[in-house]
Amino acid sequence: FMDNNNYLSSAIVTFPSEGDYKLWSEKFALFNTDKAKAFLKQSGQVNVSCVRITDENIVKVMIFWEYEDEEAFMQCQKLWSKWGDIAQEFVSKIVFNRGTKFYSW
């Protein structure tokens, strides 16, 4: 495996309740249909991962999107930007970070 300089986008999503988290996770799975995944992969998205943060008091999720490069990120935003169309029945706060990977093993 060679080191690469993939473009990454990450987010921390905070939910006020388990119910909001449950609605979000169901919608996230629904949004990522086979057709959507095929488009994203063809457009240069390498993967997406969601991690439930271990915290007894706050419901939080880390999301990592990995792309071949920044151009692939821009191409995939054509689909990801539509997330808001179905993501309206839950409450959450989201903070994004983006950048180019410079080291991994």
Side-chain angles (χ1 to χ4, degrees):
F1 178 77
M2 291 180 52
D3 212 12
N4 58 28
N5 293 36
N6 288 4
Y7 191 77
L8 292 158
S9 180
S10 70
I12 301 285
V13 188
T14 306
F15 301 93
S17 70
E18 281 290 334
D20 287 296
Y21 162 73
K22 188 174 185 312
L23 276 171
W24 173 86
S25 60
E26 289 169 357
K27 294 245 180 204
F28 198 86
L30 205 68
F31 186 78
N32 283 276
T33 63
D34 289 342
K35 186 177 177 183
K37 288 187 268 189
F39 168 80
L40 293 166
K41 287 178 182 181
Q42 179 184 359
S43 299
Q45 184 165 339
V46 176
N47 63 48
V48 63
S49 301
C50 298
V51 178
R52 173 80 184 253
I53 296 174
T54 306
D55 188 316
E56 295 174 11
N57 304 309
I58 303 171
V59 183
K60 283 186 177 182
V61 172
M62 287 185 293
I63 311 170
F64 299 96
W65 295 265
E66 189 165 359
Y67 303 91
E68 291 172 3
D69 52 30
E70 192 170 357
E71 187 178 315
F73 164 77
M74 297 302 289
Q75 181 70 19
C76 291
Q77 288 309 294
K78 292 175 184 173
L79 179 62
W80 284 115
S81 66
K82 297 185 184 327
W83 166 251
D85 295 349
I86 70 158
Q88 297 171 1
E89 286 129 28
F90 58 84
V91 176
S92 68
K93 177 184 158 198
I94 189 163
V95 177
F96 288 99
N97 294 286
R98 297 186 172 106
T100 302
K101 180 168 57 175
F102 68 91
Y103 179 83
S104 68
W105 62 271

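- Ion pair Lys41/Glu66 not flagged as a salt bridge, since none of the NZ, NE, NH1 or NH2 atoms sits closer than 4.0 Å to an Asp/Glu carboxylate oxygen.
- When the salt bridge (Lys or Arg N to Asp or Glu O under 4.0 Å) test is applied to Lys78, no partner is found at least two apart in sequence or on another chain.
- Between Glu68 and Asn6, the shortest heavy-atom distance links the atoms O-OD1, 3.6 Å.
- Ring pair Tyr21/Phe15 is perpendicular by interplanar angle, where above 60° counts as perpendicular and below 30° as parallel.
- Taking a cutoff of 4.0 Å between a charged side-chain nitrogen and a carboxylate oxygen, Glu70 and Arg98 do not qualify as a salt bridge.
- Taking the six-membered ring where tryptophan is involved, the planes of Trp83 and Phe90 are tilted, since the angle between them lies from 30° to 60°.
- Neither Val46 nor Leu8 shares a network with the other; the hydrophobic side chains, linked directly or stepwise wherever heavy atoms of I, L, V, M, F, W or Y lie under 4.5 Å apart, form separate groups for each.
- Here the side chains of Ser10 and Trp65 are not in contact, with every heavy-atom distance at 4.5 Å or above.
- Of the residues Trp24, Trp80, Phe39, the one that meets the ring pair (Phe, Tyr, Trp, His ring centres under 6.0 Å) test with Phe31 is Trp80.
- In this structure, Thr100 and Asn5 approach most closely via the heavy-atom pair CG2-O, 3.4 Å.
- Heavy-atom minimum distance, Asp20 versus Ser17: OD2-OG, 2.7 Å.
- Here the closest non-hydrogen pair linking Ile58 and Asp55 is N-OD1, 3.2 Å.
- Ile12 places a side-chain heavy atom less than 4.5 Å from the side chain of Ile53.
- Salt-bridge formation is detected for the pair Glu26/Lys22: a Lys NZ or Arg NE/NH1/NH2 atom is positioned less than 4.0 Å from an Asp or Glu carboxylate oxygen.
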